[in-house]
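One structure below.
Note on naming: letters A, B, ... go to the chains in the order of the sequence lines (proteins, then strands), and numbering restarts at 1 for each one.
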2 protein chains.
Amino acid sequence: MPFSLHQGDALMVMATLPDQAVDCVITDPPYNSGGRTTTERTSRTARAKYVSGGVRHHLADFDGENKDQHSYGYWLTLNLTEAYRLSKPGSPALIFTDWRQVSTTADALQAAGWTWQGIATWHKPAARPRKGGLRQDSEYIVWGTKGRIAASQNPVYLPGLYSASQPRKDRQHITQKPLAVMRQLVRICPPGGTVLDFCCGSGSTGVAALQQGLDFIGIEMSPHYAGIARSRLETALNQTTGPDDLGLAGPEEQ
Amino acid sequence: MPFSLHQGDALMVMATLPDQAVDCVITDPPYNSGGRTTTERTSRTARAKYVSGGVRHHLADFDGENKDQHSYGYWLTLNLTEAYRLSKPGSPALIFTDWRQVSTTADALQAAGWTWQGIATWHKPAARPRKGGLRQDSEYIVWGTKGRIAASQNPVYLPGLYSASQPRKDRQHITQKPLAVMRQLVRICPPGGTVLDFCCGSGSTGVAALQQGLDFIGIEMSPHYAGIARSRLETALNQTTGPDDLGLAGPEEQ
DNA sequence: CCTTGCGATGAATCCATAT
DNA sequence: GATATGGATTCATCGCAAG
């Protein structure tokens, strides 16, 4: 089972999966951020918030961007609690977030039972400058482990800072992450393990996981993006497995 | 008055200063961090927490590292509230912190009345590696403004990521900041303005401010470090106001 | 002056042992 | 059983001396 992809609500889908099925959680939930007031944050769509006026690309909108701060923390806690149940002891969880939601994300992670281990930084060199102040050119990765870190199972030494611009060419999702970053991050998963992304969007986490020889479970609410993810995952799988592996295990249909 | 330096408790000293006396606050309070349990954090000294075993330098310890998380947030809020009173409208405040205290620092900043504007990153290339996980090689700068940002008064465009190792040569303080970083950060202060650092340690913020032609008000609790700060500030002042000074930065020493 | 090699260090962290 | 103490760890980077 190199990968399985589920289209549906993350909580509902995770409820159907067995305990300790995965070795690592890496996800990039909708930030519910991007506005100074509650009204600005909750009444606009993702496209209105995250795409500059006048930009002409035709990327689809995505849902899940209408929670206030309290509700977002609650929603994230519920999901991380389910993800905790699905994880083996010692497994890491890596959650992308932006500066406004770092506190909420760290709280939700710990509320869900994870031991908070740190914050890593994804630096976007091409971010927009800011007059009179400090450019906000980073997003953050709040990470923790289920109990003690299982360092002996996977003695990697990963950086705490990743610098890469958002994909421009062939971008499928408004907030798509660079594969170069994701390929590094999935190395936190022990060899041969399974990576879970319960907000997988266009599936970059899964593509990186398959490229590194890991298994992947992805969940995406939007049928549009689930379709894109499936197509990208299948392409990645074909590129990483030779003809002699065919028939061993195809993508599991949902 | 290019600079004034006060030795004493920050709250007590700030109480003696008039409203709207400064244009910018940049400070690096004790993080009260460095341990997994409350006991580990509050019962050890700064040296015991932050200096590796076997290290030979003999830098002095510093106080203020014995607060639990709640108390730290309270203490920081009180100080940032006084600093808010001392700041002109539109002034920025930049507060250094580590990953464990990012949330508390952002809360304290906002509780004190400041408008939170973002998080900048100070990356330390020589940080310690971490087995099985992501290296924690950054500290963070939580920043805000008193009301709306006064960008028209000081149209600078500053980076959001600063990469520089901690000073090693001629280091005076366990947690001394690199001058290369501080020289960039003080540019957020309008030309000719006054920078306040109410936890000034060995005075790097002030040295950078003087080198950029700004005035400086420093407060430091420890008589030992206040003495070091005074000496460094006087040296910086002599170097920047010398007869053949052409507005260039001084020597690149720590 | 530039290159190479060696040793020391890090706003730590982990684990075993002692109290 | 919870907490305190001590020693080992790990590598990119930096300072310094030698070549």
Using the rule side-chain contact (heavy atoms from CB on, under 4.5 Å), only one of B:L237, B:I217, B:V207 pairs with B:F3; which is it?
B:L237

Nearest-neighbour nucleotide for the B:R128 side chain, C:dA12, D:dC14, C:dC15 considered:
C:dA12

Tell me which nucleotide among C:dA11, D:dT13, D:dT10 gets nearest to the side chain of B:K124.
C:dA11

With both distances kept under 3.5 Å, what pairs with D:dT10, Watson-Crick or G-U wobble?
none

Here's a test of your reading of the structure: between A:Q117 and B:A127, which maps to the more 5' nucleotide of DNA chain C?
B:A127

Checking D:dC14, D:dT10, C:dT13 against the side chain of B:R168 (C-beta onward), the nearest is D:dC14

Establish, from distance only, whether the side-chain atoms of B:Y50 and B:E65 form a donor-acceptor pair under 3.5 Å.
yes

Nucleotide nearest B:P129 (side chain, heavy atoms from C-beta), chosen from D:dG15, C:dA12, D:dT10:
D:dT10

Using a cut-off of 4.0 Å on non-hydrogen atoms, how would the nucleic acid contact of B:Y31 be classed: base, sugar-phosphate, or nothing?
base

5'-most contact on DNA chain C: B:F62 or A:I149, nearest heavy atom basis?
B:F62

Given C:dC14, D:dA12, C:dA11, identify the nucleotide with an atom nearest to the side chain of B:R135.
D:dA12

Just wondering, do B:Y50 and C:dA12 stack (centres under 5.5 Å, planes under 30°)?
no

Salt bridge (charged side-chain N to carboxylate O under 4.0 Å, His left out) partners for A:D137, two or more places apart:
A:R135

B:E65 side-chain proximity, nearest of C:dC14, C:dA11, D:dT10:
C:dA11

Nucleotide of C:dG10, C:dT13, D:dC14 approaching B:V51 most closely (side-chain heavy atoms):
C:dG10

Considering Watson-Crick and G-U wobble pairs with both distances under 3.5 Å, what does C:dA11 pair with?
none

For a quick check of understanding: with a heavy-atom distance under 4.0 Å over all strands, which category does B:S33 fall into, base, sugar-phosphate or nothing?
nothing

Strictly under 3.5 Å: I want the nitrogen or oxygen pairs between protein and nucleotides 17-19 of chain C, one per line.
none

Candidates B:Y162, B:W99, B:W122 - the one meeting side-chain contact (heavy atoms from CB on, under 4.5 Å) with B:E139:
B:W122

